[in-house]
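Some notes on the structure that comes next.
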Amino acid sequence: MRENFSSKLGFILTAAGSAVGLGNICRFPYGVNENGGAAFLLVYLFCVIIIGFPFMWLEIGLGRMTGKGMSAAFEKTGANWFFKLNPLLALIISFIILSYYSVIAGWCLGYLGLSLVDKHEDFGNFVSNANYTVPSALAFILLVVWIVRSGVKAGIERASKIMMPLLFVILIGMAIYSLSLPNAYKGVEFLFHVDFSKITPNLLVSAFGQALFSLSLGIGGLTIYGSYLSKKDNIVSISFWVILMDTLVALLAGLIIFPAVFSFGISPKSELAFTFNVLPEIFSSMPYGYVLSVLFFLLLALAALTSGISFFEILVGNITDKSQISRKKVSYLLGIFVALLAIPSALSTGANAWFSSVSLFGKSGFLDILDHTFGTVLFIVSAAMTSIYVGWFMPTKEVAEEISVGCSMFAKPLFLGVSLYKVFIFSVKFIIPILIAFVFAQKFL
Ligand code: PFF
């Protein structure tokens with residue numbers, strides 16, 4: 001018998017745990033900063049609404065309909081050899097992203113440890129020291145394996161139910177504090193005052209990629225979770241809560257970071273240096289800086305952990321779907337491979353000259369190359385293939401019918417005779433693939 005989530009709330013917190021991650025707290029504020037503030041936020045919200053909702057219904061619906069992760073679900077619904085490559089691609093992407101995501105998550109654990117002993121380490125020194133980066137990445141992987149091997153209910157759901165509320169408490173507390181700083185309003189203005197002239201095709205590409213990544217859509221993370229969801233539950237309302245939480249966390253992260261940045265007049269450098277260098281510097285000059293620093297890195301570590309679990313469950317869930325090997329064995333074995341691949345990334349930020357300087361596709365350093373190739377380009381390719389497959393190569397209606405189960409309003413006309421059912425079919429067939437094609441053309445042609 002397939003394990004199920006014990007409650008709707010458990011599912012929502014776990015799926016939101018997957019969505020809320022380093023993407024929200026590091027990548028989103030940086031995207032806002034790089035792309036001229038609120039214009040980025042506006043386009044991001046547009047992508048979340050237009051793409052996020054139907055794609056999330058699709059992923060969860062496909063999982064619940066087949067009771068399987070993406071690999072077995074594609075087989076069960078009759079995918080040809082070409083589309084069967086997509087779940088394989090998604091597994092490779094999850095495996096590779098997890099390997100370097102663990103390195104960055106390891107930095108969070110490392111900085112958390114340093115904050116706890118009230119020590120500040122320069123970012124450059126920290127990341128180029130293998131004695132910091134390797135053990136901290138391995139510690140993160142160990143935590144992920146330890147949680148996922150215990151199963152969906154006892155491991156993943158239980159961990160999310162503890163970690164997500166804690167994450168929200170820290171976020172809200174820190175945002176209130178940050179908003180009370182002198183000149184905080186300048187940061188708020190930057191985040192919410194839209195300058196329409198800043199909306200460019202490039203901005204659309206970044207915002208679109210960020211929306212997909214942030215909502216964990218494209219590589220079957222929510223398909224595997226959906227396969228453990230009960231038929232009673234309402235996929236539409238669940239998706240609403242997950243998307244709301246993910247967006248709120250991104251906004252709250254912005255409300256912590258920008259008021260603090262403007263209050264101290266510091267300008268952010270790069271995405272990661274921003275999080276690990278600039279913020280600790282700001283915190284250290286604030287009253288209660290020590291506590292703030294501990295809370296902030298705890299927040300990052302929690303967010304990273306619930307997303308790391310999700311990458312790992314894509315691998316473990318899909319493999320156990322198709323083999324007789326136990327969850328525990330698969331978890332341990334895969335954990336070893338992820339750890340092995342994490343080492344070159346952990347060495348690629350200064351500790352080893354070759355891994356730090358190797359360059360490919362215009363990116364230099366092993367971690368950056370993996371992030372560009374797998375975390376950006378192939379991530380979008382996989383999302384495109386999923387929507388084209390469901391939209392054009394299998395009866396899209398079957399997934400739509402599945403979404404209707406547990407949601408009686410889905411098929412009912414809501415406005416001018418249009419139901420969410422029709423919106424879903426139209427989005428999956430046309431809007432999502434066309435937007436993805438546009439993004440692809442902008443970015444890579
Ligand atoms: N949504 C996560 C973040 O914002 O960091 C990353 C992610 C997790 C993407 C799981 C995809 C996934 F399947």
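For ligands, and for the atoms within them, numbers begin at 1 and follow the listed sequence. Each residue takes its place number in the sequence, starting with 1. All values below come from the heavy atoms of this structure, side chains included, with hydrogens, waters and symmetry mates left out.
In this structure a side-chain-to-backbone donor-acceptor pair under 3.5 Å is present from T396 to G391.
Listed by number with element, the atoms of ligand 1 under 4.0 Å from a non-hydrogen atom of A19 are 1 (N), 2 (C), 3 (C), 4 (O). Atoms of ligand 1 found under 4.0 Å from any heavy atom of I314, numbered from 1 in the order shown, are 13 (F). Set against the non-hydrogen atoms of S307, the atoms of ligand 1 under 4.0 Å away are 2 (C). Close approach to S214 involves these atoms of ligand 1, each under 4.0 Å from a residue heavy atom: 1 (N), 4 (O).
Residue K329 qualifies as open at atom NZ: its count of foreign heavy atoms under 6.0 Å is 12 or below.
In this structure, of G23, A304, S18, the residue bringing a heavy atom nearest to atom 2 (C) of ligand 1 is S18. Counting only non-hydrogen atoms, the option in F312, F28, Y101, Y225 that gets closest to atom 5 (O) of ligand 1 is Y101.
At a heavy-atom distance under 4.0 Å, no atom of L217 approaches ligand 1. At a heavy-atom cutoff of 4.0 Å, ligand 1 is contacted by the side chain of I219 but not by its backbone.
Not less than 6.0 angstrom separates the ring centroid of W241 from the ring centroid of F11. Taking the six-membered ring where the residue is Trp, the centroids of Y389 and F393 are separated by 6.0 Å or more. Ring-centre distance between F95 and F337: not below the 6.0 Å cut-off.
Checking each of T77, I432, V399 against V390 for a side chain to side chain contact (heavy atoms under 4.5 Å, CB included) leaves exactly one that passes, namely V399. Partner F366 forms a ring pair (Phe, Tyr, Trp, His ring centres under 6.0 Å) with one of Y100, F355, F374 and no other, that one being F355.
F311 CZ, 3.3 Å is the protein heavy atom nearest to atom 7 (C) of ligand 1.
Note: an N/O pair closer than 3.5 Å links F213 and ligand 1 by distance alone. Geometrically, ligand 1 and S216 share a nitrogen or oxygen pair separated by less than 3.5 Å.
Cation-pi contact between R27 and F213: present, with separation from the ring centre below 6.0 Å and deviation from the ring axis of at most 45°.
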